[in-house]
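Everything on this sheet refers to the single structure shown next.
Values below: all heavy atoms of this structure, side chains included; hydrogens, waters and symmetry mates excluded.
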Amino acid sequence: MAASSSSSLVSVEASFFENLKGFILAVVSSAFIGSSFIVKKLGLQRAGASGTRARSGGYGYLKEPLWWIGMITMIVGELANFVAYMFAPAVLVTPLGALSIIVSAVLAHFFLKEKLQKMGILGCVLCIVGSTLIVLHAPSESSLTSVEEIWELATQPAFLLYLASAIAIVLVLILYCEPRYGQTNIMVYIGICSIIGSLTVMSVKAVGIAIKLTIEGSSQAASFQTWVFVMVAITCIITQLNYLNKVSAYISSFFASIFSFSGFLKFGK
């Protein structure tokens, strides 16, 4: 009985430290991602001053060093977020993305001279309060021990219906809405990034579990499901990066707030 109690205590302590690692990495990720919006926009502004702007289809920003610094900052943030999913459940990691709102809004005020109005400040506070409530009261995540388990969940009829709907909506946004409304309506790009992002979280979580299990000695490299999730993750991330560059041309603090809202869409999937 004593041995069982001691084993349970050790398990709880291990889980606490795993979640703490994920929490710290998620906070660091938000800081890097929030600042990357500002640095990338500065690069986009410089590139747009001498050529076609990104949201008009131009790619001159690829020659701008400042944009690359912002991109590297975002990649570091996303890597930290990726590793956070390896240690902590999505119910803890994803809502913490709201912290990027504060980082982006503060930096935009000082570096881009963008003023955040009272209602914007209230919105930021509500996002932080909302993410805190989700972390504190969300249901616990079931423990997944292999990529096959995630594959089984991902091939259920309900998720396949969602997957088909998501792909259809994204294609409509890209092929129909973007050419007509992309220049004037930020929600076109936000819609694309958010819907694709919901698939990114699922695939990144699967890849993170595969890497963690492989490091622990249970190799997942021979599983074809692992490589399917890797390809889905790469495709989704590249698509998101392309449209994030276009949407970054809008007001940064406003974009960061909506981007964090898109995080909650990802979290709900």
- State, without any angle test, whether Glu216 and Ser218 hold a side-chain donor-acceptor pair at a distance under 3.5 Å.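 Distance-only check fails for Glu216 and Ser218.
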
- Task: Return yes if a side-chain donor-acceptor contact under 3.5 Å exists between Glu78 and Ser29, otherwise no.
- Result: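 No donor-acceptor contact under 3.5 Å links the two side chains.
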
Please report the interatomic distance [atom1]([X]) to [atom2]([Y]), rounded to the nearest 0.5 Å.
X: Leu163; Y: Ser198; atom1: CG; atom2: OG; answer: 9.0 Å
X: Tyr243; Y: Ser194; atom1: OH; atom2: OG; answer: 14.0 Å
X: Leu213; Y: Gln220; atom1: CG; atom2: CD; answer: 5.0 Å
X: Ile211; Y: Thr226; atom1: CD1; atom2: OG1; answer: 9.5 Å
X: Ile69; Y: Ser35; atom1: CD1; atom2: OG; answer: 11.5 Å
X: Gln156; Y: Trp151; atom1: CD; atom2: CH2; answer: 13.0 Å

- Would you check, one step at a time, whether the test side chain to side chain contact (heavy atoms under 4.5 Å, CB included) holds for Leu122 with Leu126? CA-CA 6 Å; Leu122 176 61; Leu126 290 176; 4.1 Å; yes

Shortest non-hydrogen contact from [X] to [Y]?
X: Thr155; Y: Leu160; answer: O-CD1, 3.4 Å
X: Ala166; Y: Ile195; answer: CB-CG2, 3.5 Å
X: Met71; Y: Lys40; answer: N-CG, 3.8 Å
X: Ala84; Y: Leu25; answer: CB-CB, 3.8 Å
X: Leu173; Y: Val188; answer: O-CG1, 4.0 Å
X: Ile38; Y: Ser104; answer: CD1-O, 3.5 Å

- Show your reasoning for whether side chain to side chain contact (heavy atoms under 4.5 Å, CB included) applies to Phe37 and Met74. CA-CA 8 Å; Phe37 295 146; Met74 173 169 280; 3.4 Å; yes

- Given side chain to side chain contact (heavy atoms under 4.5 Å, CB included), test Glu148 with Ser223 step by step and report yes or no. CA-CA 8 Å; Glu148 284 76 10; Ser223 173; 3.0 Å; yes

- Item | Cluster link Leu161 to Ile150, ILVMFWY, side chain under 4.5 Å |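 No, Leu161 and Ile150 fall in different hydrophobic clusters.
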
- Is it the case that one hydrophobic cluster holds both Val204 and Met231, taking links as side-chain heavy atoms less than 4.5 Å apart, direct or via other members?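 No.
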
- Query: Which residue, Phe224, Phe229, Trp227, forms the side-chain contact (heavy atoms from CB on, under 4.5 Å) with Val147?
  - Reply: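 That would be Phe229.
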
- Message: Would you say that Met187 contacts Ile190 through its side chain, given a criterion of any heavy-atom pair below 4.5 Å between the two side chains?
- Response: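 Yes. Closest side-chain heavy atoms under 4.5 Å.
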
Would a distance-only check, ignoring hydrogens and angles, find a side-chain to backbone donor-acceptor pair under 3.5 Å from [X] to [Y]?
X: Ser203; Y: Leu199; value: yes
X: Thr200; Y: Ala233; value: no
X: Ser30; Y: Ala26; value: yes

- After noting the C-alpha distance and the side-chain angles of Glu178 and Tyr189, does the key distance pass the side chain to side chain contact (heavy atoms under 4.5 Å, CB included) rule? CA-CA 8 Å; Glu178 184 193 2; Tyr189 298 127; 3.6 Å; yes

- Neighbour count above 12 (heavy atom, 6.0 Å) for Glu152 CD: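 Atom CD in Glu152 is not crowded, with 12 or fewer foreign heavy atoms closer than 6.0 Å.
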
- Message: Are more than 12 heavy atoms, taken from residues, nucleotides or ligands other than Phe82, located less than 6.0 Å from that residue's CZ atom?
- Response: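 Count over threshold, so yes.
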
